[in-house]
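Here the structure comes first, spelled out in structure tokens, and everything after it is commentary.
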Amino acid sequence: MDLLNQIVSSGSFRTLKEPLAFLRALEWLFAIFAFATCGGYSGELRVSVDCPNKTQSDLSIDIAIAYPFRLYQVNFDAPTCEGKRREKLSLIGDFSSSAEFFVTIAVFAFLYSLAATVVYIFYQNKYRENNRGPLIDFIVTVVFSFLWLVSSSAWAKGLSDVKVATDPNEVLLLISACKQPGNKCLPVRGPVMSSLNTSVVFGFLNFILWAGNIWFVFKETGWHAAGVQRYPHETTEKHSSTYNQSLNQGVYNQDNYGQTPGYDQQQAGYGQQPNLGQTGGLGQQNYNQARYNQTGPTSFANQI
């Protein structure tokens with residue numbers, strides 16, 4: 001109780017509300033389901049061999065299968081329908097590599113998710129002290145995403161092969177009595193593999209979780225922070241360049257406008273025609289001079 005109060009008072013409990021910690025908790029939970037549904041599997045199938053001599057028949061031949069699915073080590077006895085002699089047979093196939101690889105990845109993912117969640121809650125400040133913690137977390141997340149995809153795909157293929165090898169109809173083909181006419185061989189029931197199907201589903205769900213968590217872990221690294229810092233700088237330079245270009249364009253237009261009268265004057269001179277603008281300017285100047293001469297004395301007389 002004291003530990004819980006300490007966590008709540010320090011504010012560390014709030015880290016569980018963040019997507020990063022929440023996804024780690026989901027990864028931890030889904031990893032448990034993945035290796036539990038696969039590693040804890042055990043099933044049984046049953047076939048029957050009915051001989052013409054009923055005393056030699058065996059209508060309940062039970063064959064147990066379990067993780068890690070080394071089927072060549074699964075032995076069973078079957079009647080030969082030739083006296084009391086029975087033959088010892090074994091299933092065919094070894095699918096332990098894909099199953100064990102899948103369970104191994106699930107166990108390591110479970111351990112890492114648990115450790116990462118503890119670090120997020122109790123050692124978050126140390127985790128973010130430098131870029132080493134988020135960087136290692138990012139690399140491990142990418143690696144586990146790839147391993148979940150590979151192991152889930154391999155186990156899906158392995159499970160398909162296990163279903164074929166443990167099909168009661170396929171098992172009957174191994175019994176020599178079933179190859180002889182007059183003997184009746186029937187499949188009674190096959191193994192229930194719903195939990196193994198569930199393990200494959202959880203495997204791909206774990207891949208989706210880990211792959212989706214890559215972005216949230218990447219945001220904690222210095223790479224993301226550096227990219228965010230560079231982007232506003234590039235945007236500012238772009239706006240500044242656009243503004244200077246617009247300003248220079250405006251000055252250029254103003255200079256061209258100011259040069260227009262000279263251009264007209266040059267054109268007028270080229271056509272050997274009088275410059276009306278110049279004549280008009282002289283006339284205006286004479287008019288202003290005359291007005292000044294007229295108003296000047298009058299004003300002086302009025303002052304007297």
Side-chain angles (χ1 to χ4, degrees), residues 30-52 56-82 84-110 146-208:
F30 277 41
I32 295 176
F33 290 145
F35 71 75
T37 52
C38 180
Y41 175 80
S42 62
E44 187 180 71
L45 62 95
R46 177 178 295 179
V47 295
S48 66
V49 178
D50 189 9
C51 303
Q56 300 173 357
S57 301
D58 191 346
L59 302 181
S60 180
I61 303 175
D62 295 326
I63 306 172
I65 58 175
Y67 173 85
F69 308 103
R70 293 187 178 94
L71 300 183
Y72 69 93
Q73 296 179 350
V74 177
N75 301 318
F76 62 96
D77 295 333
T80 60
C81 296
E82 296 176 356
K84 296 182 179 180
R85 187 174 65 89
R86 299 176 67 91
E87 60 180 348
K88 190 172 185 179
L89 302 172
S90 61
L91 299 180
I92 299 175
D94 182 6
F95 311 99
S96 60
S97 58
S98 59
E100 289 177 341
F101 179 55
F102 179 81
V103 171
T104 301
I105 297 302
V107 170
F108 278 107
F110 161 77
F146 175 73
L147 291 177
W148 270 119
L149 177 62
V150 173
S151 62
S152 299
S153 301
W155 172 229
K157 177 61 170 62
L159 177 58
S160 177
D161 295 337
V162 168
K163 290 180 178 179
V164 173
T166 57
D167 186 2
N169 292 313
E170 294 293 328
V171 174
L172 290 175
L173 298 178
L174 302 175
I175 302 175
S176 60
C178 298
K179 301 176 183 179
Q180 300 174 3
N183 300 327
K184 185 182 296 183
C185 300
L186 296 174
V188 178
R189 67 165 181 264
V192 179
M193 296 188 176
S194 57
S195 63
L196 296 180
N197 295 331
T198 305
S199 68
V200 174
V201 173
F202 276 114
F204 285 105
L205 286 178
N206 273 285
F207 162 70
I208 295 173

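Nothing here was measured: the structure is a model prediction, and the numbers come from that model.
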Checklist entry - Take atom CZ in Phe108; do more than 12 heavy atoms of anything else shown fall under 6.0 Å from it? => result no

Checklist entry - Do Thr37 side-chain atoms and Ala34 backbone N/O form a donor-acceptor pair below 3.5 Å? => result yes

Checklist entry - What do the steps show when you test Ser60 against Val188 for side chain to side chain contact (heavy atoms under 4.5 Å, CB included), and what is the final call? => result CA-CA 8 Å; Ser60 180; Val188 178; over 6 Å; no

Checklist entry - Hey, does Asp50 have a side-chain heavy atom less than 4.5 Å from the side chain of Leu186? => result no

Next on the checklist: For Asp77 versus Arg86, what's the shortest heavy-atom pair and its separation?
Outcome noted: O-NH2, 3.4 Å

Checklist entry - Where is the tightest heavy-atom contact between Val103 and Gly39, given as atom of each residue plus distance? => result CG2-N, 4.0 Å

Checklist outcome for this item: In short, Pro168 meets Pro187 closest at the heavy-atom pair CB-CB, 3.4 Å

Next on the checklist: Applying ring-ring contact (aromatic ring centres under 6.0 Å, His included) to Tyr41 and Tyr67, what does each step give before you reach the verdict?
Outcome noted: CA-CA 6 Å; Tyr41 175 80; Tyr67 173 85; 9.5 Å; no

Checklist entry - Can you say whether the rings of Phe110 and Phe35 are parallel (under 30°), tilted (30 to 60°) or perpendicular (over 60°)? => result perpendicular

Next on the checklist: Measuring from atom CD of Glu170 to atom CG of Leu45, what distance do you get when rounded to the nearest 0.5 angstrom?
Outcome noted: 12.0 Å

Checklist entry - Under 3.5 Å, side chain of Thr80 to main-chain N/O of Arg85, donor-acceptor pair present? => result yes

Checklist entry - Using 4.0 Å as the upper bound for N to carboxylate O, is an ion pair formed by Asp167 and Lys163? => result no

Checklist entry - To the nearest 0.5 Å, what is the distance between CE (Met193) and OG (Ser199)? => result 11.0 Å

Checklist entry - When rounded to the nearest 0.5 angstrom, what is the spacing between CG in Asp62 and CZ in Arg189? => result 6.0 Å

Checklist entry - Backbone N or O of Ala106 within a donor-acceptor pair of the Asn206 side chain at under 3.5 Å? => result no

Item to check | Candidate pair Ile175 and Glu87, rule side chain to side chain contact (heavy atoms under 4.5 Å, CB included), full reasoning | outcome: CA-CA 8 Å; Ile175 302 175; Glu87 60 180 348; 3.7 Å; yes

Item to check | From CA spacing to verdict: side chain to side chain contact (heavy atoms under 4.5 Å, CB included), Asn183, Gln56 | outcome: CA-CA 11 Å; Asn183 300 327; Gln56 300 173 357; over 6 Å; no

Checklist entry - Stepwise, does the side chain to side chain contact (heavy atoms under 4.5 Å, CB included) test hold for Leu71 with Thr166? => result CA-CA 9 Å; Leu71 300 183; Thr166 57; 4.0 Å; yes

Next on the checklist: Would the distance check show the side chain of Ser57 and the main-chain N or O of Cys51 forming a donor-acceptor pair, the cut-off being under 3.5 Å?
Outcome noted: yes

Checklist entry - What distance separates Phe30 CZ from Leu205 CG, expressed to the nearest 0.5 Å? => result 5.5 Å

Checklist entry - Nearest heavy-atom pair of Ser48 and Leu172: which atoms, and what distance? => result O-CD2, 4.3 Å

Next on the checklist: With rounding to the nearest 0.5 angstrom, report the CG to CD1 distance, Leu147 to Ile105.
Outcome noted: 4.5 Å

Checklist outcome for this item: The single option from Phe69, Phe204, Trp148 that satisfies ring pair (Phe, Tyr, Trp, His ring centres under 6.0 Å) with Trp155 is Phe69

Next on the checklist: Within the supplied structure, the quantity of interest is the number of heavy atoms (other residues, nucleotides, ligands) at a distance under 6.0 Å from Phe146 CZ; does it exceed 12?
Outcome noted: no

Next on the checklist: Rounded to the nearest 0.5 Å, what separates atom CD1 in Ile65 from atom CZ in Phe76?
Outcome noted: 12.0 Å

Checklist entry - Where do Gly182 and Pro52 come nearest, in terms of heavy atoms and distance? => result O-CG, 3.7 Å

Checklist entry - So which heavy atom on Ala165 is nearest to which on Val171, and how close? => result O-CG2, 4.0 Å

